[in-house]
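A, B, ... follow the sequence lines: proteins, then strands. Residue 1 opens every chain.
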2 protein chains.
Amino acid sequence: MSDSCFVVRLNRYLDLTPTEKKAVASLEREPRDYPSGSMLWQEGDDLSELLIVHQGWALSESRLPTGKRQILRFHFSGDMIGASGIAFRDAPSSIVAATDMVVCRFPRRALGETFTEHPRLAALFFSISQMESIDLYDRLRALGRSEGKARLANLFLSIAARMRAVSGQHNPVIRIPLTQSDLGDAVGLTQVHVNRLIRQMTEEKLITRNRSTVTLVDEPKLIELARFVDRFSALDSSWFPSPRG
Amino acid sequence: MSDSCFVVRLNRYLDLTPTEKKAVASLEREPRDYPSGSMLWQEGDDLSELLIVHQGWALSESRLPTGKRQILRFHFSGDMIGASGIAFRDAPSSIVAATDMVVCRFPRRALGETFTEHPRLAALFFSISQMESIDLYDRLRALGRSEGKARLANLFLSIAARMRAVSGQHNPVIRIPLTQSDLGDAVGLTQVHVNRLIRQMTEEKLITRNRSTVTLVDEPKLIELARFVDRFSALDSSWFPSPRG
DNA sequence: CGCTATCTTGATATGAATCAATAGCTGTGG
DNA sequence: CCACAGCTATTGATTCATATCAAGATAGCG
């Protein structure tokens with residue numbers, strides 16, 4: 001049996017025992033495909049599953065009644081989506097596929113079973129969902145207290161950091177399948193203003209962008225400009241219970 | 001034995017069994033006092049405890065190297081602080097007491113034990129920590145896509161909603177022990193600008209503020225202005241495992 | 001009673017939004 | 001293979017929200 005995508009993800013943080021792997025794999029549902037642009041779910045939907053991104057890019061967004069949109073988070077390969085919807089039943093944001101996607105599904109019901117049978121996995125779920133909070137803290141910091149150029153720099157750097165953590169490679173060219181409007185909605189600026197800022201940043205030889213790629217030309221300067229802290233730190237599993245089976 | 005403060009908090013969401021209560025209470029450490037203005041911990045500190053606010057107000061903040069500050073969250077009676085620090089060892093933000101406080105402490109080690117012995121409590125911890133994410137989503141939405149007045153309105157309304165959920169009372173007067181600078185650092189505006197906005201909002205008969213109280217004079221208008229959604233929804237415990245003992 | 005925090009208010013500067021028009025791509029169908 | 005439709009990006013002119021700088025005014029506190 002090849003590892004399920006959930007297992008692959010969890011195993012990145014912890015060496016799962018064969019029993020644990022089996023438990024997770026047996027509860028997982030068939031992966032599902034979503035075409036670019038489709039909606040995995042909408043704000044307010046009643047959620048019954050936790051998702052893991054297997055392939056592709058998605059984004060959490062929320063629309064204000066004015067029609068404005070705020071992009072809250074990006075989700076890449078390996079990310080867990082929907083933990084807060086599990087706890088509170090209705091989704092606090094919509095999830096949209098930014099590229100074609102393949103997604104693994106884990107039913108809410110199964111989560112209860114897993115918590116009982118495999119406390120160590122429960123601890124792992126708990127920890128993984130904390131990454132979400134940490135990421136949100138960083139976005140907040142950036143939005144609240146910095147100006148446009150720094151916000152964009154921050155966005156690019158944090159996407160790069162997360163993608164590099166997944167790929168293990170350190171490439172200055174990152175693929176960001178977002179339009180200028182998307183970028184604006186993520187950092188709280190207008191598309192027009194994003195355009196001007198990107199031009200300026202290009203002139204200043206900080207970045208380069210075309211279509212769906214961004215190149216971090218002068219990464220040290222970007223880091224300074226954004227006052228970026230790469231918060232990626234290893235999971236602390238010292239308090240985890242020992243595995244069963 | 002009177003219920004520990006952690007038990008009181010958890011019991012608000014779930015009817016704990018006597019065994020569960022006992023388990024939590026026995027692991028809890030002595031409560032601790034903190035005077036107003038003191039720091040419960042600093043960004044980057046190595047955390048070994050989860051805290052529950054018993055009395056008082058605290059805030060999570062983060063300082064940028066420029067000296068600017070972003071307030072990320074407020075913590076009231078009953079709130080759990082430090083979940084993300086438990087998962088990742090170092091705190092992603094500092095916690096400052098905004099008033100005198102009494103805080104209950106739950107050691108990280110005990111969390112592992114609890115996860116093993118009481119899966120239902122594990123599920124509860126998991127869910128409670130999701131509230132943090134949901135709160136952060138809302139702050140982010142407000143910061144990214146609305147103007148000053150709406151941000152302030154949003155802040156006041158969300159504080160009111162949370163305090164009312166705790167107190168069970170629906171009072172238009174809420175105690176907010178924050179200066180104008182604090183408010184500014186929470187919503188991403190200058191103290192000076194906060195001052196002007198509050199004056200305007202007072203003239204428009206939306207609110208009243210003096211010292212440490214804010215009165216929501218015209219709550220319907222505020223809700224409309226802020227496009228506020230009270231996301232407080234009951235915990236969905238349908239997937240929780242059944243209790244042990 | 002004076003000290004230090006906090007708050008108030010004005011004048012000015014600046015970042016970003018808005019409005020508006022044009023230019024480039026990309027994919028589709030004839 | 002071209003022409004057109006429909007996004008996406010570029011650019012300018014103008015307005016608006018918010019920051020900055022600066023100077024008092026208040027008020028709680030030791």
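Counting any heavy atom pair closer than 4.0 Å across all strands shown, A:Thr179 reaches sugar-phosphate atoms only and no base atom. Backbone-only contact: B:Gly188 has heavy atoms under 4.0 Å from sugar-phosphate atoms and none from a base. When heavy atoms are screened at a 4.0 angstrom cut-off, A:Arg209 is found touching the sugar-phosphate backbone but no base atom.
Remark: P of C:dA17 and CZ of A:Arg196 are 10 Å apart, rounded to the nearest angstrom. In this structure, A:Gln191 atom CD and C:dA21 atom P are separated by 16 Å, rounded to whole Å. Protein atom NE2 of A:His193 is 13 Å distant from nucleotide atom C1' of C:dT18, rounded to whole Å. In this structure, A:Glu147 atom CD and D:dT20 atom C1' are separated by 14 Å, rounded to whole Å. The CG atom of B:Asn210 sits 22 Å away from the P atom of D:dA25 (whole-angstrom rounding). Distance CG (B:Leu143) to P (D:dT18): 12 Å, rounded to an integer number of Å. Taking atom CZ on B:Arg211 and atom P on C:dC7, their separation rounds to 6 Å, with Å as the unit. Rounded to whole Å, atom C1' of D:dA19 lies 14 Å from atom CG of B:Asp185.
In terms of phosphate contacts, B:Lys68 brings a side-chain nitrogen or oxygen within less than 4.0 Å of OP1 or OP2 of D:dT20. An OP1 or OP2 oxygen of C:dT9 is reached within less than 4.0 angstrom by a side-chain nitrogen or oxygen of B:Arg199. Contact annotation: A:Asn195 reaches the phosphate of D:dT10 (side-chain N/O to OP1 or OP2, under 4.0 Å).
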Would A:Asp182 and A:Arg69 count as a salt bridge (charged side-chain N to carboxylate O under 4.0 Å, His left out) if you check the C-alpha gap in whole Å, the side-chain angles of each, and the deciding distance to 0.1 Å? CA-CA 9 Å; A:Asp182 292 333; A:Arg69 177 178 67 148; 2.6 Å; yes
Given the rule in the salt bridge (charged side-chain N to carboxylate O under 4.0 Å, His left out) test, do B:Arg227 and B:Glu147 qualify, once you have shown the distances and angles that lead to the verdict? CA-CA 12 Å; B:Arg227 322 218 165 248; B:Glu147 36 139 54; over 6 Å; no
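At least one side-chain heavy atom of B:Leu183 sits less than 4.5 Å from a side-chain heavy atom of B:Arg209.
Look at B:Arg63 and B:Glu61 and you find a salt bridge, because one of the NZ, NE, NH1 or NH2 atoms lies within 4.0 Å of a carboxylate O, short of that distance.
Paired with B:Tyr137 under the rule side chain to side chain donor-acceptor pair (under 3.5 Å), one option of A:Gln70, A:Arg139, A:Arg73, A:Glu132 passes, and it is A:Glu132.
Base pairing annotation: D:dT26 forms no Watson-Crick or G-U wobble pair, as no partner gives both donor-acceptor distances under 3.5 Å.
By the rule that a glycosidic angle within 90° of 0 means syn, C:dA5 counts as syn.
Map A:Ser181 and B:Leu197 each onto its nearest nucleotide of DNA chain D; the residue landing nearer the 5' end is A:Ser181.
Here D:dA9 is the nucleotide among D:dT11, D:dA22, D:dA9 with the atom lying nearest to any side-chain atom of A:Gln180.
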